[in-house]
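Along the sequence shown, the residues carry numbers beginning at 1. Atoms within each ligand, like the ligands themselves, are counted from 1 in listed order.
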Amino acid sequence: MKRANLFFALLAAAPVLVDATGQSGTTFEHNCSQLLHSFHAPDTKVLLAQYVAKGANVTFPHADPTCPQFVISLADMCRLRMNVTTSSTSSVIVEAFMPTSWTSKGKRFLMTGNGALGGCLGYGDMAFGTSLGFAAVGHDTGHTGDTAAPFLNHPQVVEDFVWRSIWVAGKIGKQAVNYFYSVSIKKSYYMGCSLGGRQGLKIAQDFPAEYDGIIAASPAHDNANLLGWEANLYTITGPPGSPTWLNLSHWNAVHQMVIHQCDWIDGVLDKVLEDPTKCRPRPEAILCAAGTTGDSCLTPTQADTVRKFYSPMYGNNGRFIYPRNNPLTREFLGFAVQYGGVPSFISQGWYSDALFNDPSWNIPDNFNLSVVDYDASVDLFGISTNKTDLTHMKNNGTKLMVYHGLGDSLISSEHTFLYYDSVRRDMNTNLDPFFRFYPISSMDHCYTGEGPWYVGGPVQYSVDGALSIDTNNSVLMRMVDWVEGGTAPDSLLGYTLVNGTVHGSRYHCRYPYQTVYKGKGLDPNSPSSWTCDDHMI
Ligand SMILES: *[C@@H]1O[C@H](CO)[C@@H](O)[C@H](O)[C@H]1NC(C)=O
Ligand SMILES: *[C@@H]1O[C@H](CO)[C@@H](O)[C@H](O)[C@H]1NC(C)=O
Ligand SMILES: *[C@@H]1O[C@H](CO)[C@@H](O)[C@H](O)[C@H]1NC(C)=O
Ligand SMILES: *[C@@H]1O[C@H](CO)[C@@H](O)[C@H](O)[C@H]1NC(C)=O
Ligand SMILES: *[C@@H]1O[C@H](CO)[C@@H](O)[C@H](O)[C@H]1NC(C)=O
Ligand SMILES: *[C@@H]1O[C@H](CO)[C@@H](O)[C@H](O)[C@H]1NC(C)=O
Ligand SMILES: *[C@@H]1O[C@H](CO)[C@@H](O)[C@H](O)[C@H]1NC(C)=O
Ligand SMILES: *[C@@H]1O[C@H](CO)[C@@H](O)[C@H](O)[C@H]1NC(C)=O
Ligand SMILES: *[C@@H]1O[C@H](CO)[C@@H](O)[C@H](O)[C@H]1NC(C)=O
């Protein structure tokens, strides 16, 4: 027998082994590689089916430079990559990470979300999911790379981005998981942050029957108003060097000022604002002496910029567009992305490549308040994702957990309070049985912060030290407790991670309860020093 023939003969006659649970059958590795030829779904082409061992460095040599280039596998698993055609001019890449221990770990399905302008798979969250025994699926939102360029004159690609990729990836992903394990999925979960938060709310609003539990973090929904607000930050700061602009030293001075003015309010001096709604920064406190400038003081014009930055945005005819920025506890991410004197690349990309289909359209020359109204009135394929009637979700028994960092420098968490209360008014029923919202003090956009920000949610696990934290307290496993055990989390435990080490933890109460310090002398880093106050109920 020639070598090649021997090779194919070995492939065809898969070795029969007895696995750890005593079941006999073909090996997991063999079953995985077989998917390349055996798995079939409508409009779907399998591109890759590959066994990956725990600890392996999975690299993506052809990935777009704006996307992850590798992920370290956290489980022995089968990686399946598929191309799903969604129209004659669009397609979605879907991947499934299917761990060896699945049947014994609850037979759970996890759909992961995306960030910014999409275009990159959530490999990190998929790996995190497999470490907890989930079969985890992700997708590219229907285009490659964190850019809006593929939207240009391609409405089908925009439609994938808005909702269809989420729908299709869920359908095909579940089919692949059921097929691979020859066992049906027991419960389906979703988790995502930012754009992924909007995707979660899209599911909650439009196809809740597909999931049992949805975690929507720091959601980028109410899209037209959010993008208008982000674009308008450029109007407020102006470009670098203009009198209205603040450099990073100035923002650091504002940061110190906010801590000085507001940290005392919650009773603990820890650089964490437990109730930023009570914080009303006063930039006049750090004015430079008349006629001078400096790196830790502001000119009157710059102080005016800071006032606008901390004020709600209103549009044409006084229409409310978006709440003020969070009194920030960290300034760096937002400075890099949307108030450092360069227009938000997300707003810019959406306007030029999706809304106006005109690459020459740019925020500095062309943005005005009418653009926000126009974007809202067009509401391409329903991107606003702001429906406040969650009756279908409630009646399907689906649970929704939303959380948002109170130090978010990209999407003001004040908006999420408004959304929760809009749902409360619209449905006029107690939301607790199906929808809970947890404000997370100190957390910036999705992750990092100077306080108890780590909750085991989307895009968080890769931060140094996170993998040492008990995953039973992660928001994902708390959702499992709610869906499968009927235990609804009244609060989420957040950990303070400093240089890879846990420096305390604190419960974050669900809104409208408030996390309140019990009193002088108690250790603020101990969860028992805080309580959930009900004065807002
Ligand atoms: C491989 O697939 C076969 C057929 O679906 C199944 O009976 C067997 O249990 C699988 N083996 C493993 C190790 O997953
Ligand atoms: C994984 O491989 C890539 C590409 O070779 C490399 O850049 C990266 O540093 C590796 N990651 C780890 C953690 O070894
Ligand atoms: C996916 O399929 C479409 C056709 O529907 C094709 O245009 C596209 O190049 C394919 N993508 C990949 C990565 O194979
Ligand atoms: C469950 O959700 C689906 C949408 O996913 C909706 O069509 C259906 O009416 C809902 N079921 C109930 C009982 O409301
Ligand atoms: C910011 O501007 C001030 C003058 O207004 C200057 O003293 C300082 O060095 C600048 N800082 C940076 C980081 O550019
Ligand atoms: C506002 O912007 C739009 C799109 O850039 C433009 O067509 C319109 O003329 C502008 N309106 C005003 C009043 O400048
Ligand atoms: C949601 O957004 C759409 C489009 O921007 C708008 O027409 C609608 O009034 C908004 N609904 C709510 C409840 O805010
Ligand atoms: C986490 O929960 C599982 C299942 O309830 C339990 O077996 C395990 O001991 C828990 N882990 C810790 C660190 O408490
Ligand atoms: C964390 O690391 C940074 C940079 O190495 C250092 O400046 C800081 O003091 C460290 N913080 C603690 C609490 O160890």
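- From the protein, the heavy atom lying nearest to atom 5 (O) of ligand 7 is A376 O, 3.0 Å.
- In terms of N/O distances under 3.5 Å, ligand 9 is approached by N499.
- With Q338 as reference, L233 is the one residue of N232, I346, I411, L233 to meet the side chain to side chain contact (heavy atoms under 4.5 Å, CB included) rule.
- Aromatic pair Y420/Y438: centroids not less than 6.0 angstrom apart.
- Close approach to I93 involves these atoms of ligand 3, each under 4.0 Å from a residue heavy atom: 13 (C).
- Closer than 4.0 Å to atom 8 (C) of ligand 9 lies at least one heavy atom of the protein.
- The nearest non-hydrogen atom to atom 4 (C) of ligand 3, considering only T86, D43, V84, T85, comes from T85.
- Short contacts between ligand 7 and D379, defined as distances under 4.0 Å to a heavy atom of the residue, involve ligand atoms 4 (C).
- Remark: R198 is positioned above the aromatic ring of F161, its terminal NZ or CZ atom under 6.0 angstrom from the ring centre and at most 45 degrees off the axis.
- Ring pair Y234/Y339: centre-to-centre distance not below 6.0 Å.
- At least one cation-pi condition fails for K174 and F180: the charged atom is not both under 6.0 angstrom from the six-membered ring centre and inside a 45 degree cone around its axis.
- Within the 4.0 Å cut-off (strictly below), a protein heavy atom is located near atom 2 (O) of ligand 3.
- Heavy-atom proximity to V498, at under 4.0 Å, picks out these atoms of ligand 9: 11 (N), 12 (C), 13 (C).
- H139 places a side-chain N or O within 3.5 Å of a backbone atom of T141 that can act as its donor or acceptor partner.
- The nearest non-hydrogen atom to atom 11 (N) of ligand 3, considering only N83, V92, T44, comes from N83.
- Protein heavy atom in closest approach to atom 13 (C) of ligand 7: N386 O, 3.9 Å.
- Aromatic pair F437/F417: centroids less than 6.0 angstrom apart.
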